[in-house]
Amino acid sequence: MKAVLLILRDAFQDVWADLWTMLVCNLFWLVANVLIVPGPPATLALVYWGNRIAHGEVVDLSDFWRAFGRYWGPAWRWGGINLGVITFLIVDIALTGRIVQGLWEPYLQGLYIALLAGWLTVQLFALPFLFEQKTMSVRQALHNGVVMIGKNLGFSIILFLYLGLILIVSTIASMLSLMLGAVFIACVSNRAVLNRLESFKLSSSRV
């Protein structure tokens, strides 16, 4: 719990430290996702930018634009997989109520909703791993994301719930999640991965 709160605090500080640049990047991300094709590269550029910040580096808009142009290949490899899985799960959730009737309906829908939440949590960890690995392999990053959740299940669930709660409350209160939600998630995900990697290193050094 304490680690999650510290990660969220540090991510808030990351956003606040360069608020106007964060707003520009988040607005660009929104437009890119509406246009669909530049959406995955814009997402990966945000994660790269958040990764550099989490490592204590000084970044500006030029770093974001360079990342946006550089990572189209891996971004769309990730985007294609992500789009396929999410579409499959959402269709299953929608169709379950029409096809399955009776006792099993809520259980099946609950299962698909849980799988969707689990898949989104994997993405929270997988994308930062693209910049922590020796090679930019989407498959390896997804694998690392799953492994990290498996080894930090309680941490992952608490982080996902807190993050979701913050985004929901900020949307209801002032639409802040629309203006800054994507960059905040990018900062949280990078800091969470670095936190868990550092925790693993400390644990290993004590063995």
Side-chain angles (χ1 to χ4, degrees), residues 7-86 119-149 159-160 163 166-167 170 176-198:
I7 288 166
L8 294 171
R9 182 205 65 185
D10 291 343
F12 274 121
Q13 291 176 346
D14 291 339
V15 174
W16 183 255
D18 196 1
L19 187 60
W20 295 111
T21 306
M22 294 285 186
L23 282 168
V24 171
C25 291
N26 202 91
L27 177 60
F28 179 81
W29 179 86
L30 286 171
V31 173
N33 278 272
V34 169
L35 297 174
I36 300 176
V37 173
T43 301
L44 209 57
L46 273 188
V47 175
Y48 168 81
W49 201 45
N51 184 264
R52 297 299 89 204
I53 293 172
H55 278 284
E57 299 181 15
V58 177
V59 293
D60 55 29
L61 274 176
S62 63
D63 297 290
F64 177 80
W65 300 130
R66 280 195 294 270
F68 175 71
R70 184 188 307 161
Y71 297 119
W72 276 70
W76 261 107
R77 286 195 294 275
W78 166 78
I81 295 170
N82 208 40
L83 181 62
V85 172
I86 290 176
W119 177 255
L120 293 176
T121 306
V122 169
Q123 308 317 302
L124 193 67
F125 293 119
L127 287 180
F129 265 117
L130 286 171
F131 304 104
E132 299 297 330
Q133 301 168 171
K134 293 181 180 179
T135 59
M136 187 162 283
S137 166
V138 174
R139 181 180 296 180
Q140 184 64 39
L142 291 171
H143 174 266
N144 287 334
V146 172
V147 170
M148 179 157 284
I149 290 173
L159 180 66
F160 185 82
L163 184 57
I166 289 170
L167 294 175
S170 62
L176 272 176
S177 65
L178 184 64
M179 296 183 289
L180 292 166
V183 292
F184 179 65
I185 292 171
C187 291
V188 169
S189 64
N190 277 288
R191 288 199 171 275
V193 167
L194 292 183
N195 177 274
R196 293 297 89 189
L197 289 175
E198 183 63 28

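These numbers were taken from a predicted model, which means no experiment stands behind them. Throughout, residue positions are numbered sequentially from 1 according to the sequence presented.
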Angle class for the Phe68/Trp72 ring planes (parallel below 30°, perpendicular above 60°, tilted otherwise)?
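Plane angle over 60°, so perpendicular.
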What residues form a side-chain hydrogen bond (donor to acceptor under 3.5 Å, both in side chains) with [X], not counting sequence neighbours?
{"X": "Trp78", "answer": "Gln123"}
{"X": "His55", "answer": "Glu132"}
{"X": "Arg70", "answer": "none"}
{"X": "Arg52", "answer": "Glu57"}

Using the side chain to side chain contact (heavy atoms under 4.5 Å, CB included) rule, take Leu8 and Ile166 through it: C-alpha gap first, then chi angles, then the decisive distance, then the call.
CA-CA 10 Å; Leu8 294 171; Ile166 289 170; 3.9 Å; yes
Which atom names give the shortest non-hydrogen contact between [X] and [Y], and what distance separates them?
{"X": "Ala186", "Y": "Leu46", "answer": "CB-O, 3.6 Å"}
{"X": "Ala11", "Y": "Cys187", "answer": "CB-CB, 3.9 Å"}
{"X": "Ala75", "Y": "Pro40", "answer": "O-CB, 3.3 Å"}
{"X": "Pro74", "Y": "Met136", "answer": "CG-SD, 3.4 Å"}
{"X": "Phe64", "Y": "Ala42", "answer": "CE1-O, 4.1 Å"}

Salt bridge (charged side-chain N to carboxylate O under 4.0 Å, His left out) pairs, two or more places apart, involving residues 35-48
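Of all non-adjacent pairs touching residues 35-48, none passes salt bridge (charged side-chain N to carboxylate O under 4.0 Å, His left out).
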Would a 4.5 Å heavy-atom cut-off, applied to side chains only, mark [X] and [Y] as touching?
{"X": "Trp119", "Y": "Leu142", "value": "yes"}
{"X": "Val138", "Y": "Ile81", "value": "yes"}
{"X": "Phe160", "Y": "Ile149", "value": "no"}

According to ring pair (Phe, Tyr, Trp, His ring centres under 6.0 Å), who are the partners of Phe131, at least two apart in sequence or on a separate chain?
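Per chain and number, Phe131 pairs via ring pair (Phe, Tyr, Trp, His ring centres under 6.0 Å) with Tyr48, Tyr71.
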The criterion is side chain to side chain contact (heavy atoms under 4.5 Å, CB included); which residues satisfy it with [X], sequence neighbours excluded?
{"X": "Leu163", "value": "Leu124, Leu167, Phe184, Ile185, Val188"}
{"X": "Ile36", "value": "none"}
{"X": "Arg9", "value": "Leu6, Gln13"}

Can you pull out every side chain to side chain donor-acceptor pair (under 3.5 Å) where at least one residue sits in residues 184-196? Sequence neighbours excluded, please.
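Sorted pair list: Asp14-Arg191, Asn51-Asn190, Asn152-Arg196.
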Just grab all the side chain to side chain donor-acceptor pair (under 3.5 Å) pairs involving residues 26-36, residues at least two apart or on different chains.
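For residues 26-36, and leaving out neighbouring residues, the side chain to side chain donor-acceptor pair (under 3.5 Å) pairs sorted by first residue read Trp29-Thr43.
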What distance separates Lys134 NZ from Gln140 CD, expressed to the nearest 0.5 Å?
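Separation between the atoms: 11.0 Å.
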What distance do Leu159 atom CG and Thr121 atom OG1 have between them, rounded to the nearest 0.5 Å?
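The distance works out to 8.5 Å.
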Is there a donor-acceptor contact under 3.5 Å from the side chain of Trp49 to the main chain of Leu61?
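Looks like no, no N/O pair under 3.5 Å.
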Okay, side chain of Asp63, backbone of Asp60: is any donor-acceptor separation there less than 3.5 Å?
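Yes, because the side chain of Asp63 sits within donor-acceptor range (under 3.5 Å) of the backbone of Asp60.
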If you look only at distance, which donor and acceptor atoms sit under 3.5 Å apart when one is on a side chain in residues 16-24 and the other is two or more places apart or in another chain?
| residue | atom | partner | partner atom | Å |
| --- | --- | --- | --- | --- |
| Asp18 | OD1 | Thr21 | OG1 | 2.8 |
| Asp18 | OD2 | Thr21 | OG1 | 3.2 |

